[in-house]
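Notes follow once the structure below has been shown.
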2 protein chains.
Amino acid sequence: MLNANRLHRPELTAPLAGGDRKLDALTAPNPRAFPAGGTIVEQGTEHGFVYRLRTGWAGRVRALPDGRAQYLMVFLPGDLFAIKSAFVAAHPDAVVALSDVTVERLEQQRLREAFQTDPEIALRCTWQIVEEERRLHNWVVSLGQGSAEERIAHVLLEFSLRLGPAQGTSRSLEYGMPLTQDQLGNVLGLTSVHVNRVLRRLREDGLVSIRNRVVAIHDPEALERLAEPLRDATLKAKARPELAVG
Amino acid sequence: MLNANRLHRPELTAPLAGGDRKLDALTAPNPRAFPAGGTIVEQGTEHGFVYRLRTGWAGRVRALPDGRAQYLMVFLPGDLFAIKSAFVAAHPDAVVALSDVTVERLEQQRLREAFQTDPEIALRCTWQIVEEERRLHNWVVSLGQGSAEERIAHVLLEFSLRLGPAQGTSRSLEYGMPLTQDQLGNVLGLTSVHVNRVLRRLREDGLVSIRNRVVAIHDPEALERLAEPLRDATLKAKARPELAVG
DNA sequence: CGCCGACTTGAGAAATATCAATCTTCGTGG
DNA sequence: CCACGAAGATTGATATTTCTCAAGTCGGCG
């Protein structure tokens with residue numbers, strides 16, 4: 001059975017972990033595997049499933065008609081996606097595998113029923129939706145106001161926080177990160193060349209380095225100082241969304 | 001009583017309009033007025049209300065510790081906001097009045113009850129949440145990939161579309177728009193100086209002009225051609241979110 | 001009248017993109 | 001085990017976009 005640790009979810013405190021475990025019961029027996037670069041959910045299709053990422057990284061990406069591309073969300077193990085499709089029509093953007101991944105599928109119909117009868121399930125799903133909005137808000141702030149340096153510092157720290165418990169610490173100072181610099185550019189709204197140059201500067205300044213798909217944070221304080229302006233207040237206050245009592 | 005037309009919501013087809021009317025019954029008797037620049041919802045506070053914007057423009061804005069600011073959402077008449085606070089803990093960002101506004105307040109408690117018993121209410125609220133995410137996705141694409149010109153063209157067209165029915169056409173070629181160039185910059189992630197220069201170019205090229213808080217679109221086709229790469233597929237397909245049957 | 005906020009414009013600086021070569025790594029077939 | 005090829009990373013030179021700073025200008029309003 002999956003648990004919060006295996007799912008790498010620092011935020012999943014007890015009630016969320018409970019909901020997460022209960023999702024197992026709704027999960028189709030055999031997880032599906034996709035190779036890096038594969039398309040997990042096609043653009044604009046309707047489909048009867050909600051997904052939970054079991055291993056690997058995935059991302060929602062929008063392809064512009066002229067060839068540009070922009071990632072709209074990065075999913076790490078434990079994240080639910082296409083969750084809103086359980087409640088509304090399909091999303092217009094594809095979800096692709098950023099590394100080799102395995103995903104679990106949940107039938108929309110059964111999830112909807114469980115959502116209405118089981119508060120823990122409802123909390124787990126609601127948390128995902130709210131968390132996703134929080135990330136989008138931060139993303140807008142990052143793209144709108146952050147310099148390349150700030151954006152990169154911020155995103156590397158965010159991944160670190162989200163992966164934290166996987167390494168048994170509250171923050172991973174070293175973690176696997178499958179994105180190419182090109183993909184990182186499409187996450188951050190920068191060209192891969194510029195991502196590369198900024199990463200070099202950060203490496204030369206001893207803040208952080210990426211080698212072999214592994215991020216190593218050498219000076220967490222300095223990196224946080226850099227990303228500080230983009231840091232969202234929710235994290236500072238350690239606030240957690242709580243289900244309002246109906 | 002409010003109706004879809006007065007609320008300026010092109011998207012509110014019958015079932016949404018029905019939910020909208022039903023919200024009237026949940027609305028506190030006296031709408032509140034705020035002057036331009038006023039704070040409707042303070043940053044980080046808990047409050048027992050959901051709001052519906054009746055007249056004027058408002059925006060959710062994040063202030064960075066170093067003085068920068070970034071808007072996360074622009075609300076037009078008819079929009080519900082702080083809606084998620086009915087289901088989860090408070091949002092960390094303030095909502096401010098971009099013009100003189102009047103807002104209606106809805107008690108969270110009563111809205112939650114109505115949400116669970118009335119499908120039209122549920123649809124109306126769900127639509128708002130999904131719509132907000134759609135806008136955020138487009139915003140990320142715009143900030144991440146759009147040039148200043150594209151972003152400005154795109155946002156002016158978006159406002160036009162959202163206000164459309166107010167002028168009795170499907171698209172307003174002329175509409176009031178209370179944002180200063182400074183605020184527009186904080187929406188688009190640009191400085192007001194640059195916003196100004198780009199607007200001048202667009203004006204000189206005969207695409208669009210802003211005078212006296214009024215946007216006049218002189219060449220809709222050319223403006224759309226400019227914004228085309230940022231246009232979201234949902235609009236092209238005229239897809240509308242539909243409540244899945246539980 | 002005179003001030004204040006918003007808009008406008010200019011000059012120059014900084015950030016980021018573009019184009020074009022390498023260089024490295026790594027898997028794969030011979 | 002090696003050669004090769006492809007994809008990603010790195011770097012340089014240059015162009016473009018956007019910002020910064022500074023100085024007006026314009027229009028409404030007390």
Side-chain angles (χ1 to χ4, degrees), chain A residues 35-38 57 64 66-70 96-100 142-153 155-156 176-204 208-216 226 229-230, chain B residues 35-38 57 64 66-70 97-100 142-153 156 176-204 208-216 226 229-230:
Chain A
W57 293 38
L64 306 204
D66 57 7
R68 284 176 281 182
Q70 174 67 44
V96 304
L98 292 165
S99 65
D100 293 345
S142 174
L143 293 173
Q145 300 298 322
S147 66
E149 221 173 26
E150 289 170 328
R151 290 184 223 177
I152 289 177
V155 80
L156 293 181
M177 202 277 293
L179 303 206
T180 66
Q181 294 185 358
D182 207 73
Q183 289 167 328
L184 212 43
N186 286 337
V187 165
L188 297 168
L190 300 167
T191 61
S192 60
V193 173
H194 199 58
V195 168
N196 185 286
R197 287 192 219 283
V198 173
L199 281 176
R200 166 163 59 144
R201 200 185 323 150
L202 294 176
R203 182 188 339 122
E204 287 172 353
V208 62
S209 63
I210 304 182
R211 248 213 301 280
N212 258 64
R213 304 280 131 107
V214 172
V215 177
L226 238 188
L230 301 183
Chain B
W57 292 38
L64 306 204
D66 57 6
R68 284 175 281 181
Q70 174 67 45
L98 292 165
S99 66
D100 293 344
S142 173
L143 293 173
Q145 300 299 322
S147 67
E149 219 174 30
E150 289 170 329
R151 289 183 223 175
I152 289 177
L156 293 180
M177 201 278 293
L179 303 204
T180 66
Q181 294 184 359
D182 207 72
Q183 289 167 328
L184 212 43
N186 286 336
V187 165
L188 297 168
L190 300 167
T191 60
S192 59
V193 173
H194 198 57
V195 169
N196 185 285
R197 286 192 219 284
V198 173
L199 281 175
R200 167 165 57 143
R201 200 184 323 148
L202 293 177
R203 181 186 344 120
E204 287 173 353
V208 63
S209 63
I210 304 182
R211 249 214 298 279
N212 259 66
R213 302 282 130 105
V214 172
V215 176
L226 240 188
L230 301 182

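We name chains A, B, ... by the order of the sequence lines, and we start the count at 1 in each one.
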Angle between terminal axes - the helix from C:dC1-D:dG30 to C:dG30-D:dC1, 5 pairs each end, rounded to 10°: 30°
Minimal heavy-atom distance between A:Pro229 and B:Leu64, with the atoms involved, is O-CD1, 3.5 Å
Between D:dG8 (P) and A:Leu199 (CG): distance, integer Å: 16 Å
Mind checking the CG-CG spacing from A:Asp182 to A:Leu190? Nearest 0.5 Å is all I need. 11.5 Å
If you look only at pairs with a residue in residues 189-203 of chain B, which of them pass as a salt bridge (charged side-chain N to carboxylate O under 4.0 Å, His left out), with sequence neighbours excluded? B:Glu149-B:Arg201
Minimum heavy-atom distance A:Leu230-A:Ser142, with the two atoms named: CD1-OG, 3.9 Å
Where the side chain of B:Asp100 meets the backbone of B:Ala36, is there a donor-acceptor pair that is under 3.5 Å apart? yes
Is a donor on one side and an acceptor on the other found under 3.5 Å between the side chain of A:Ser99 and the backbone of A:Trp57? yes
The criterion is side chain to side chain donor-acceptor pair (under 3.5 Å); which residues satisfy it with B:Asp66, sequence neighbours excluded? B:Arg68
For A:Gln183 and A:Pro178, work out which heavy atoms get closest and say how close. OE1-O, 4.0 Å
Treat primed atoms plus P, OP1 and OP2 as sugar-phosphate and everything else as base, then score nucleotides 14-29 of chain D 5' to 3': B for base contact with protein heavy atoms under 4.0 Å, S for sugar-phosphate contact only, - for none. ----BSBB--------
For the side chain of A:Gln145 and the backbone of B:Gly189, is there at least one donor-acceptor N/O pair under 3.5 Å apart? no
In residues 177-186 of chain A, what residues come within less than 4.0 Å of DNA chain D, judged by heavy atoms? A:Thr180, A:Gln181
Mind checking which nucleotides bracket the chain A contacts on DNA chain C, 5' to 3', with an atom under 4.0 Å from a heavy atom? C:dT16 to C:dC26
May I ask you to say what A:Arg211 touches in the nucleic acid, namely base, sugar-phosphate or nothing, with a heavy-atom cut-off under 4.0 Å? nothing
d(B:Thr180 OG1, B:Arg213 CZ) to nearest 0.5 Å is 6.5 Å
Distance from B:Ser192 atom OG to B:Leu199 atom CG, nearest 0.5 Å? 11.0 Å
Calculate, to the nearest 0.5 Å, the distance between atoms CG and CG belonging to A:Leu188 and A:Leu156 respectively. 8.0 Å
Measure the CG-CD distance between A:Leu143 and B:Gln70 for me, rounded to the nearest 0.5 Å. 8.5 Å
